[in-house]
There are 2 protein chains.
Amino acid sequence: MEKRLKIRISYGPNTAMGPGKADLLEAIIECGSISKAAQKMNMSYRRAWELVNVMNESFISPIIITSHGGSHGGGAFLSDLGLNILQSYRLLEKNMTLSVKKELDYLFNQLK
Amino acid sequence: MEKRLKIRISYGPNTAMGPGKADLLEAIIECGSISKAAQKMNMSYRRAWELVNVMNESFISPIIITSHGGSHGGGAFLSDLGLNILQSYRLLEKNMTLSVKKELDYLFNQLK
């Protein structure tokens with residue numbers, strides 16, 4: 001079974017950023033819309049919107065910008081803040097795993 | 001609202017160790033029983049047992065040992081492996097927070 005270190009930025013009762021939300025942001029960048037990103041992740045449209053709303057309400061300004069209507073229907077993209085937050089989160093994940101390699105190896109080795 | 005970095009050791013579909021499980025282990029050490037530890041954490045007895053079972057089934061040998069009956073009723077304590085895992089997890093949490101202070105400060109500062 002997969003052994004993984006997962007990190008979350010919790011903010012009050014919510015998770016402002018975590019593994020699922022970071023994956024969703026990357027899917028939004030790739031797909032250009034929330035519905036297509038949700039499809040790609042096998043996530044319901046409703047669930048994707050919940051995650052988007054939690055992120056947009058947690059940070060000082062929106063990190064996902066949506067546009068409604070137009071000839072191509074609604075689209076979604078990341079704000080500059082959103083791109084910075086995603087990059088920082090991925091850096092955090094990577095550096096953490098490296099910086100605590102010893103303790104992490106010990107814990108992983110105790111799993112069946 | 002509280003801003004916190006939370007780390008989890010995921011193992012397949014389960015969380016083998018995380019903030020709630022580590023707190024429960026400390027409550028078991030303090031209280032000497034799963035029911036009292038659950039009470040202390042405002043957690044149902046059923047939920048505490050679920051967490052104990054996930055931990056005991058994830059690692060190579062049990063980390064919580066329970067004894068049934070006797071003049072003082074059932075008790076619970078941590079095995080040596082359990083104590084080591086708890087210590088490693090707390091160390092991991094502390095070192096991580098220190099080692100990625102820059103990225104973490106950035107992310108925390110973007111929260112409302």
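We name chains A, B, ... by the order of the sequence lines, and we start the count at 1 in each one.
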Structural part of A:Y106 lying under 4.5 Å from a heavy atom of chain B: side chain

For the candidates A:N84, A:L111, A:V100, which exhibits the highest count of non-hydrogen atom pairs separated by less than 4.5 Å from chain B? A:L111

Sequence neighbours left out, cut at 3.5 Å: what donor-acceptor pairs do the side chains of residues 5-17 of chain B make with other protein atoms?
from  : atom 1 : to     : atom 2 : distance (Å)
B:S10 : OG     : A:R4   : O      : 3.4
B:Y11 : OH     : A:K112 : O      : 2.1

Go through the atoms of A:L104 and report whether side chain, backbone, both or neither lie under 4.5 Å from a heavy atom of chain B. both

B:E103: side chain to side chain donor-acceptor pair (under 3.5 Å) partners, not counting sequence neighbours: A:N95

Using a cut-off of 6.0 Å, state whether more than 12 heavy atoms not belonging to A:R47 lie near its atom CZ. no

Determine the option with the most heavy-atom pairs under 4.5 angstrom with chain A, choosing from B:T97, B:N109, B:L91. B:L91

Begin with the C-alpha distance, continue with both residues' side-chain angles, and end with the deciding distance and a verdict on side chain to side chain contact (heavy atoms under 4.5 Å, CB included) for A:I29 and A:L83. CA-CA 9 Å; A:I29 293 174; A:L83 291 168; 3.8 Å; yes

